[in-house]
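Following: one structure in structure tokens, then a few remarks.
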Amino acid sequence: MLRALSGLTTRGRCLLAAGVAAAVCSFVLNERDLLRVAIFVVALPLLVAFFISATRLKLGAARALRPDRVSVGAPGEVQLELWRNGRLPAGEVLLEDGVPYALGTRPRFVVERLPHDRRVALRYPLQPVLRGIQQVGPLRATITDPFGLCEFERELIGHSRLVVVPKVVGLWGLPSGAGIGAGDDGSIRLHAGQGEADVIVRQYRQGDDLRKVHWRSTARRDEIMVRVEEKPWRGGTTVLLDHRAAAHHGTGPAASLEWAVSFAASVSLHLRRSGHRVRLITEHGQTLADTPGEGGEHYDNVVLDVLAALQPAHQRDITLGHDPAEGQELIAVLGTVSNESVHELSRYRPRGIRSLAVLLDTPGWSSGVNRPENRAAATEESVALLRAAGWGVVVAGPGSPMQQVWAELCQTATRRGTLIGGGL
């Protein structure tokens, strides 16, 4: 009974207090009529509280997300069903489902009469504006009586998981020599021409055979380098995504990081659907996804799900210690990079392997300026350093269409022709 009384509203408590006061006055004044009124006034909120308390235990609900994976900007829908199991009539039911701000407004429904023999179907739209693993819920029901004397709140359903994947933009075309990932056209010719073989070297690692030390490169770089020309090259393209928090500007859906994630997803899916193997990594060389050139939508979902859950990294600089693409062609989507980071990206890249970069003019995401003459000096310096290291570079601002950036990247790759034997 005490639990039922806890649901009394201010109006119900005032009415109960007025009934008790009337009962006291009836004894003092010896007025039986006043006592009858007092009993009615006291009994009314008590009966309503007991009735609502019994009714709230008989409610049930179900939630379904349609679909449970949705892209940023694409519409989604939540379907609800409400029913009651007992024979007691239900009062007015106020439903409120928990929806994060990134999915839209929080919906509210009022069901005045809940039937006994059928379920009440409700639905509301979702408009996701930010990628991530979102939680819809909990669904709470507030049951009230017509007089507003009592109300009870109950959680009907917990949380439901909704995956909001990055927006994928359709891209067209491939850089000159569309042999990205192809076994023959995209392979490295290690012994082209006369004279000494075109040797590919990397930094010495513990356990390497000392007979493979390339002394000429060791003397030139002042560190032990070993030959890897016998190692067959795995055809394909590596897409590097720089997701350091310090490398990006802006907040929410308009942040430069969200543009970079969406572009990386678009490029990865475009290349994979073109029949090429794609490896998606972070700026520290961590593999996020490695998808073959064949297969269905499952591999697309692997890439999108990983990017949906990707959070900004807290490291300030890029640290690799090895070739991030492991001998593959590289497309890097970079935020603000220091001179040290540019050196780290370039120092381990083999000769004759194409390296492309989309460099974001991240200060533009804070100022909203997307004009070349207003680019930060640090961005221009990074562009110069990357190009000097043999990279093809395209600068993207907050208003740059992804299709245009990809087209410029293809043109840049064609002009530079840094891949031996053709093929990206």
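Residues take their numbers from the sequence shown, with the count starting at 1.
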Handout entry: Results of salt bridge (charged side-chain N to carboxylate O under 4.0 Å, His left out) for Asp317 - residues two or more places apart only
Key = none
Problem - side-chain hydrogen bond (donor to acceptor under 3.5 Å, both in side chains) against Gln286, all qualifying residues, sequence neighbours excluded - result: none
Exercise for the section: Starting at CG of Leu171, measure out to CH2 of Trp406 and round the result to the nearest 0.5 Å. Expected result: 6.5 Å
Exercise for the section: Give a yes or no answer on whether the side chain of Ser262 reaches the backbone of Lys167 with a donor-acceptor pair at less than 3.5 Å. Expected result: yes
Completion exercise
side chain to side chain contact (heavy atoms under 4.5 Å, CB included) with Thr379: of Val395, Val337, Leu360, only one passes, and it is Val395
Practice task
Check the side chains of Thr336 and Thr362 for a donor-acceptor pair under 3.5 angstrom, ignoring hydrogens and angles.
Solution key: yes
Handout entry: Min side-chain heavy-atom separation Leu257-Pro312 under 4.5 Å
Key = yes
Fill in the blank from the handout: Those residues at least two apart in sequence (or on a different chain) that pass side-chain hydrogen bond (donor to acceptor under 3.5 Å, both in side chains) with Gln315 are none
Handout entry: With His243 via ring-ring contact (aromatic ring centres under 6.0 Å, His included) - residues at least two apart
Key = none
Exercise for the section: Please check if any side-chain donor atom of Thr9 sits under 3.5 Å from a side-chain acceptor atom of Glu151, or the reverse. Expected result: no
Problem - Heavy-atom pair of closest approach, residues Gly392 and Thr412 - result: CA-CG2, 3.6 Å
Exercise for the section: Enumerate the residue pairs fulfilling side chain to side chain donor-acceptor pair (under 3.5 Å) with a member in residues 129-142, sequence neighbours excluded, ordered by first and then second residue. Expected result: Arg131-Glu258
Practice task
List the atom of Ser346, the atom of Ala389, and the distance in Å for their closest heavy-atom pair.
Solution key: OG-CB, 3.6 Å
Handout entry: Side-chain (Arg272) to main-chain (Val278) donor-acceptor, under 3.5 angstrom
Key = no
Problem - Leu320 backbone acceptor or donor facing Glu344 side chain under 3.5 Å - result: yes
Practice task
Kindly assign one of parallel, tilted or perpendicular to the pair Trp365 and Trp259, based on the angle between their ring planes and the thresholds 30° and 60°.
Solution key: perpendicular
Handout entry: Counterpart residues, salt bridge (charged side-chain N to carboxylate O under 4.0 Å, His left out), relative to Arg123 (two or more places apart)
Key = Glu77
Handout entry: Leu288 side chain near Ile281 side chain, heavy-atom distance below 4.5 Å
Key = no
Problem - Side-chain heavy-atom pair Val93, Thr144 within 4.5 angstrom cut-off - result: no
Handout entry: By salt bridge (charged side-chain N to carboxylate O under 4.0 Å, His left out) - contacts of Arg221 (at least two apart)
Key = none
Practice task
Find out whether Asp97 and Phe109 are in side-chain contact, i.e. whether some heavy atom of one side chain is under 4.5 Å from a heavy atom of the other.
Solution key: no
Practice task
Provide the full list of salt bridge (charged side-chain N to carboxylate O under 4.0 Å, His left out) pairs with a residue in residues 301-311, sequence neighbours left out, each pair given once.
Solution key: Arg69-Asp305
Handout entry: Set of residues satisfying side-chain hydrogen bond (donor to acceptor under 3.5 Å, both in side chains) with respect to Ser338, sequence neighbours excluded
Key = Glu340, Ser341
Problem - By salt bridge (charged side-chain N to carboxylate O under 4.0 Å, His left out) - contacts of Arg273 (at least two apart) - result: Asp300
Practice task
May I ask you to test the Thr282-Leu240 pair for a side-chain heavy-atom distance under 4.5 Å?
Solution key: no
Exercise for the section: Could you point out which residue of Leu130, Val70, Leu126 forms a side chain to side chain contact (heavy atoms under 4.5 Å, CB included) with Val164? Expected result: Val70
Practice task
Tell me yes or no: between the side chains of Arg63 and Ser160, is some donor less than 3.5 Å from an acceptor?
Solution key: yes
Problem - Residues forming a side-chain hydrogen bond (donor to acceptor under 3.5 Å, both in side chains) with Arg161, sequence neighbours excluded - result: none
Handout entry: Identified side-chain hydrogen bond (donor to acceptor under 3.5 Å, both in side chains) partner of Thr238 from the options Glu329, Gln328, Arg277
Key = Gln328
Problem - Side-chain donor or acceptor of His276 paired with backbone N/O of Gly236 under 3.5 Å - result: no
Problem - Note, Val333 side chain near Asp242 side chain (heavy atom, < 4.5 Å) - result: no
Fill in the blank from the handout: Heavy-atom closest pair (Gln127 atom, Pro75 atom, distance to 0.1 Å) is NE2-CB, 3.9 Å
Practice task
For side-chain contact (heavy atoms from CB on, under 4.5 Å), just list the numbers for Leu156 and Leu95, CA-CA rounded to whole Å, side-chain angles, deciding distance to a tenth of an Å, and then say yes or no.
Solution key: CA-CA 9 Å; Leu156 300 180; Leu95 294 176; 3.9 Å; yes
Completion exercise
Across all chains, not counting sequence neighbours, the side-chain contact (heavy atoms from CB on, under 4.5 Å) partners of Thr251 are none
